[in-house]
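To start, the structure itself, in structure tokens.
Because only heavy atoms are used, hydrogens play no part in the values below, and waters and symmetry mates are left out as well, while side chains stay in. Letters A, B, ... are given to chains in the order of the sequence lines, protein chains preceding strands, and every chain is numbered from 1.
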Number of protein chains: 2
Amino acid sequence: MSLTDIRYDAVMGRWEPDARGRLLQAAFELYVERGFEETTVAEIAAKARLTERTFFRHFTDKREVLFAGASDLQALLVNLVLNAPAALTPMATVRAAFIEAAAFFGEQPEFARQRQRIILSSTELQERELIKLATLASAMGGALRERGVKEPGASLAAEAGVTAFRIAFDRWANGPTQRELAGVMDDVFIQLRSITSET
Amino acid sequence: MSLTDIRYDAVMGRWEPDARGRLLQAAFELYVERGFEETTVAEIAAKARLTERTFFRHFTDKREVLFAGASDLQALLVNLVLNAPAALTPMATVRAAFIEAAAFFGEQPEFARQRQRIILSSTELQERELIKLATLASAMGGALRERGVKEPGASLAAEAGVTAFRIAFDRWANGPTQRELAGVMDDVFIQLRSITSET
DNA sequence: GCACCTGATGTCGCTCACTGACATCAGGTA
DNA sequence: TACCTGATGTCAGTGAGCGACATCAGGTGC
């Protein structure tokens with residue numbers, strides 16, 4: 001018996017609770033079972049015992065469901081940058097932030113991997129992921145600027161960090177399960193330094 | 001009298017020539033005049049004296065019109081990487097390729113800037129641009145691998161190069177007109193090296 | 001207890017991007 | 001002359017996404 005089989009009981013309020021959560025779960029399950037493009041918003045809504053219109057009140061579009069955690073991750077990383085020891089260089093700040101944030105995914109590695117598989121299956125979703133990462137880089141660049149880093153250094157450090165993160169994440173998501181994300185990221189950041197310093 | 005006012009003459013073949021070119025121009029003009037999101041594919045087709053269906057035979061979607069040159073740019077950059085002097089390091093190879101390719105845009109700076117303005121006005125278009133750049137990075141990474149560069153160095157060099165290119169391009173497109181793109185790129189690549197090497 | 005308000009959901013009708021199937025027909029080819 | 005080909009047109013969809021209005025349980029003020 002899965003969670004969606006829990007039936008609604010007349011004792012409760014006017015509506016079955018947690019509409020957003022039900023939509024999240026219904027969408028994720030359907031994206032896994034049938035694929036993203038083959039899944040219709042009407043199907044997601046039906047599975048969550050809601051209407052299509054309600055889906056669009058909770059998520060601006062069909063893709064956003066998969067990026068519900070993005071703003072939390074961004075807030076976390078921005079805070080890590082803002083609160084990093086003042087002595088750190090921009091690049092070290094960004095790197096430390098990402099390595100600490102690795103726990104964000106480490107908690108549910110299976111979920112993270114499955115989500116990544118879905119995203120890889122659809123160009124539309126990859127586009128959305130890229131713009132989320134670009135927004136993230138922009139926010140981290142802003143945080144660096146608040147620490148007094150000038151342009152274009154702030155943007156470059158943030159963008160380079162996001163790039164390293166992305167490559168590390170891909171390797172981790174598709175590589176052997178036992179490897180820790182933080183460790184992969186560490187390697188990639190080291191490689192980034194060595195590759196960019198050779199002129 | 002603009003180019004679109006040239007009238008079709010009964011002397012010619014069954015169809016007015018260069019449907020694709022007419023669609024390109026009609027779309028660009030409408031995107032500039034009315035904005036991307038406010039422009040309808042039907043309007044573009046009408047302006048080009050074609051039907052909506054024909055638009056979709058030439059372009060997979062409404063956004064692709066603005067990225068018609070992307071594959072040429074990619075081919076150019078990949079070739080520059082493949083044919084670079086063997087002695088160059090990966091990062092120097094990528095950097096040289098981008099600086100040479102700067103001429104690609106330098107030829108029509110006004111067009112490039114206007115196009116960039118359109119893209120900046122729409123999230124959808126930014127998404128598409130990001131995935132084009134990601135594809136470009138992937139292709140350049142492949143070219144580096146053919147030169148014997150190992151992973152993740154190849155991907156990192158390509159991605160870092162694309163990042164520098166993107167930041168330089170933004171600065172160039174929004175900055176003072178007289179500045180040369182190649183010069184801006186040179187600066188940004190130098191900054192990238194210095195920022196990533198501080199640990 | 002009653003009237004009122006609020007906010008989450010439902011209903012309806014619409015626009016527009018995009019697609020598949022089939023029709024048309026000028027120009028080249030056998 | 002008969003046929004074929006390829007670019008275009010026509011038509012009838014599907015599905016995402018949105019605006020406007022209706023519903024109604026639960027809280028609030030009195």
Side-chain angles (χ1 to χ4, degrees), chain A residues 7-28 30-31 33-68 118 121-128 131, chain B residues 7-28 30-31 34-68 118-119 121-128 131:
Chain A
R7 282 286 151 240
Y8 182 50
D9 197 286
V11 151
M12 316 169 80
R14 179 171 184 186
W15 293 291
E16 189 176 353
D18 194 19
R20 184 186 160 92
R22 274 147 56 210
L23 287 168
L24 271 171
Q25 189 177 345
F28 195 85
L30 285 172
Y31 292 170
E33 290 167 18
R34 296 193 204 165
F36 172 78
E37 281 160 12
E38 291 69 36
T39 300
T40 232
V41 174
E43 291 170 344
I44 299 170
K47 183 160 188 164
R49 281 147 279 138
L50 291 164
T51 61
E52 204 177 330
R53 195 67 184 86
T54 298
F55 176 94
F56 287 113
R57 289 200 180 95
H58 286 276
F59 303 97
T60 61
D61 61 51
K62 196 184 161 188
R63 311 180 217 171
E64 275 297 306
V65 184
L66 285 171
F67 300 90
I118 300 173
S121 76
S122 150
T123 316
E124 273 183 82
L125 288 173
Q126 289 168 52
E127 289 186 341
R128 181 57 52 87
I131 207 170
Chain B
R7 281 288 153 241
Y8 182 49
D9 197 287
V11 150
M12 315 168 83
R14 179 174 185 183
W15 292 290
E16 189 177 354
D18 194 21
R20 184 185 160 91
R22 274 146 56 210
L23 287 168
L24 271 170
Q25 189 178 345
F28 195 84
L30 286 171
Y31 292 170
R34 296 192 203 167
F36 173 78
E37 282 161 9
E38 292 69 36
T39 299
T40 229
V41 175
E43 291 171 343
I44 299 170
K47 182 160 187 163
R49 280 145 279 140
L50 291 164
T51 61
E52 204 177 330
R53 194 66 182 86
T54 298
F55 176 94
F56 286 112
R57 288 199 181 96
H58 286 276
F59 302 97
T60 61
D61 62 50
K62 196 185 161 188
R63 311 180 220 172
E64 274 299 304
V65 185
L66 284 171
F67 299 90
I118 300 173
I119 291 175
S121 76
S122 149
T123 317
E124 274 183 81
L125 288 173
Q126 290 169 49
E127 288 186 342
R128 180 58 54 85
I131 208 170

Nucleotide nearest [X] (side chain, heavy atoms from C-beta), chosen from [options]:
X: T40(B); options: dT19(C), dC18(C), dA17(C); result: dA17(C)
X: E52(B); options: dA21(C), dA17(C), dT8(D); result: dA17(C)
X: A19(A); options: dC18(C), dG9(D), dT9(C); result: dT9(C)
X: W15(A); options: dA8(C), dG9(D), dA16(D); result: dA8(C)
X: R53(B); options: dT11(C), dG20(C), dT8(D); result: dG20(C)

Round to the nearest Å and state the distance from [X] atom [atom1] to [N] atom [atom2].
X: L23(A); N: dA8(C); atom1: CG; atom2: C1'; answer: 12 Å
X: D18(A); N: dA8(C); atom1: CG; atom2: C1'; answer: 13 Å
X: E43(B); N: dA17(C); atom1: CD; atom2: C1'; answer: 13 Å
X: E37(B); N: dC18(D); atom1: CD; atom2: P; answer: 11 Å
X: R20(A); N: dG7(C); atom1: CZ; atom2: P; answer: 19 Å
X: L30(A); N: dG15(D); atom1: CG; atom2: P; answer: 14 Å
X: L50(B); N: dC18(C); atom1: CG; atom2: C1'; answer: 17 Å
X: F56(B); N: dC16(C); atom1: CZ; atom2: P; answer: 12 Å

Looking at H58(B), does any N or O in its side chain come under 4.0 Å of the phosphate oxygens OP1/OP2 on dA7(D)? no
Within the pair T51(A) and dT11(C), is there a side-chain N or O less than 4.0 Å away from OP1 or OP2?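 No, no such contact exists.
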Polar side-chain contact R57(B)-dG9(D) base: donor and acceptor under 3.5 Å: yes
Salt bridge (Lys or Arg N to Asp or Glu O under 4.0 Å) assessment of E64(A) paired with R128(A): CA-CA 8 Å; E64(A) 275 297 306; R128(A) 181 57 52 87; 2.8 Å; yes
Work out which heavy atom in [X] is nearest to a heavy atom in [Y]; give both atom names and the distance.
X: I119(B); Y: Q126(B); result: O-CG, 3.4 Å
X: I118(B); Y: F36(B); result: CG2-CB, 4.5 Å
X: L125(B); Y: F67(B); result: O-CZ, 3.7 Å

Between the side chains of E52(B) and R57(B), is the shortest nitrogen-to-carboxylate-oxygen separation below 4.0 Å, so that they form an ion pair? no
